[in-house]
Amino acid sequence: MVYKTYYDSPIGKLFIASDGENITGLCIEGQKYYLDKIEKEGILKNDLAIFEQTKKWLDRYFKQEKPKISEISLAPEGNMFRKCVWEFLCEIPYGETITYGDLAKKVVKELNISSMSAQAVGNAVGHNPISIIIPCHRVVGKNGNLTGYAGGIDKKIKLLEIENVNMEKFFVPKL
């Protein structure tokens, strides 16, 4: 069974999904790879304990209180590679960033493989099903390029600003 709820945030309406005990999805309305099927088929259940806990976590996050990821039971669905990338995302401290290339180096070491492209890591980051809590917005391109956020670059910037990241070193790529 898949349950759903919504949360009105400073960056827009969020859709949250759960299996009843864990958060399985959290995305910004309209983002790339939006969980359309889950939203359509999920059962609206606003009073689930995990939803109440997640909404309180989000309230604290948006008030800049730095809640810990470990406070929420997460169960993102994905293959081993993507889960590895998402685990590394959870290690990026609040208010800090990492490049796709540096994240790829961590994955190479963890999986004991010879190489990994930043693009492959970027694909896994972009398919993170639990935005904000699994902080994919903290991954940036080399030289401060603010690229690759499924929710939109404007949302990525806002999330980094909420975390008091010094934005002077970043730029939005020209199309």
Side-chain angles (χ1 to χ4, degrees), residues 2 11 14-19 21-28 30-39 50 54 57-58 61 66-167 169-175:
V2 177
I11 63 165
L14 304 179
F15 167 69
I16 308 170
S18 173
D19 60 11
E21 296 181 18
N22 310 287
I23 295 300
T24 57
L26 189 157
C27 60
I28 303 162
Q31 82 177 40
K32 191 174 183 182
Y33 314 119
Y34 189 72
L35 306 171
D36 291 323
K37 183 177 180 188
I38 294 172
E39 183 181 21
I50 189 67
T54 301
W57 189 100
L58 289 165
Y61 174 84
K66 303 179 186 177
K68 291 181 171 57
I69 295 167
S70 60
E71 295 174 23
I72 303 293
S73 181
L74 305 176
E77 291 184 23
N79 62 34
M80 182 187 75
F81 169 69
R82 286 184 177 178
K83 286 183 177 182
C84 177
V85 171
W86 300 336
E87 286 175 22
F88 279 119
L89 293 178
C90 292
E91 295 176 6
I92 306 167
Y94 183 96
E96 295 184 26
T97 60
I98 189 171
T99 66
Y100 290 95
D102 287 340
L103 188 55
K105 290 175 189 171
K106 288 178 174 266
V107 173
V108 163
K109 187 175 179 182
E110 178 69 20
L111 297 179
N112 196 27
I113 55 178
S114 61
S115 66
M116 168 67 50
S117 73
Q119 290 82 6
V121 167
N123 186 278
V125 170
H127 284 84
N128 167 23
I130 306 176
S131 295
I132 303 170
I133 298 173
I134 297 179
C136 51
H137 59 278
R138 296 178 187 159
V139 185
V140 298
K142 65 181 179 179
N143 303 322
N145 184 344
L146 289 176
T147 187
Y149 191 62
I153 298 297
D154 61 323
K155 306 290 193 298
K156 182 174 195 158
I157 290 169
K158 182 67 177 164
L159 291 168
L160 293 173
E161 288 173 345
I162 287 168
E163 296 185 16
N164 291 316
V165 171
N166 180 354
M167 299 302 290
K169 59 186 175 182
F170 298 113
F171 67 95
V172 177
K174 292 186 175 24
L175 299 176

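One is the number of the first residue; the rest follow in order along the sequence. The structure presented is a predicted model; accordingly, all values stated were derived computationally and were not measured.
- Contact between Ile11 and Lys158 at its shortest, heavy atoms only, is CG2-CG, 3.3 Å.
- Between Ile69 and Pro135 there is a side-chain heavy-atom pair separated by less than 4.5 Å.
- Side-chain contact between Trp57 and Ile23: absent, with no pair of heavy atoms (C-beta onward) separated by less than 4.5 Å.
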* Could you please spell out the steps behind the side-chain contact (heavy atoms from CB on, under 4.5 Å) verdict for Ile50 and Asn22? => CA-CA 7 Å; Ile50 189 67; Asn22 310 287; 5.7 Å; no
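- At a threshold of 4.5 Å between non-hydrogen side-chain atoms, the residues Leu26 and Phe15 do not count as touching.
- Using a 4.5 Å heavy-atom threshold, the side chains of Arg138 and Leu89 count as separate.
- Tyr94 is not listed as a side-chain neighbour of Lys68, based on a closest heavy-atom distance of 4.5 Å or more.
- Listed here is the closest heavy atom pair of Gly126 and Ala150: O-CB, 3.8 Å.
- Between the side chain of Asp19 and the backbone N or O of Glu21, at least one donor-acceptor pair lies under 3.5 Å.
- Here Leu58 contributes atom CG and Ile16 contributes atom CD1; the two are 5.5 Å apart, rounded to the nearest 0.5 Å.
- Summarising the geometry, atom CZ belonging to Phe171 is positioned 10.5 Å from atom CD1 belonging to Ile153; distances are rounded to the nearest 0.5 Å.
- Within the 4.5 Å cutoff, no side-chain heavy atoms of Ile72 are placed close to those of Ile130.
- For the atom pair Leu160 CG and Met167 CE, the distance stands at 5.0 Å (nearest 0.5 Å).
- With a 4.5 Å cut-off on side-chain heavy atoms, Phe81 and Asn123 do not count as touching.
- Across every non-hydrogen atom of Gly95 and Val165, the tightest pair is O-CG2, 3.3 Å.
- Side chain of Tyr100 to main chain of Thr147: a donor-acceptor pair is present (N/O by atom type, distance under 3.5 Å, no hydrogens or angles).
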Could you pull out every donor-acceptor pair under 3.5 Å between side chains of residues 101-111 and any protein atom, sequence neighbours left out?
{"unit_1": "Asp102", "atom_1": "OD2", "unit_2": "Thr99", "atom_2": "OG1", "d": "3.3"}

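- Atoms CZ and CG, on Arg82 and Asn128 in that order, are 10.5 Å from each other to the nearest 0.5 Å.
- For Gln31 (side chain) and Ile28 (main-chain N/O), a donor-acceptor pair under 3.5 Å exists by modelled atom type.
- In terms of modelled atom types and a separation under 3.5 Å, the side chain of Trp86 and the main chain of Glu77 share no donor-acceptor contact.
- Atom CD of Glu161 sits in a crowded spot, with more than 12 heavy atoms from other residues, nucleotides or ligands closer than 6.0 Å.
- Two residues are said to be in side-chain contact when any heavy atoms from C-beta on lie closer than 4.5 Å; Phe88 and Ile98 fail this criterion.
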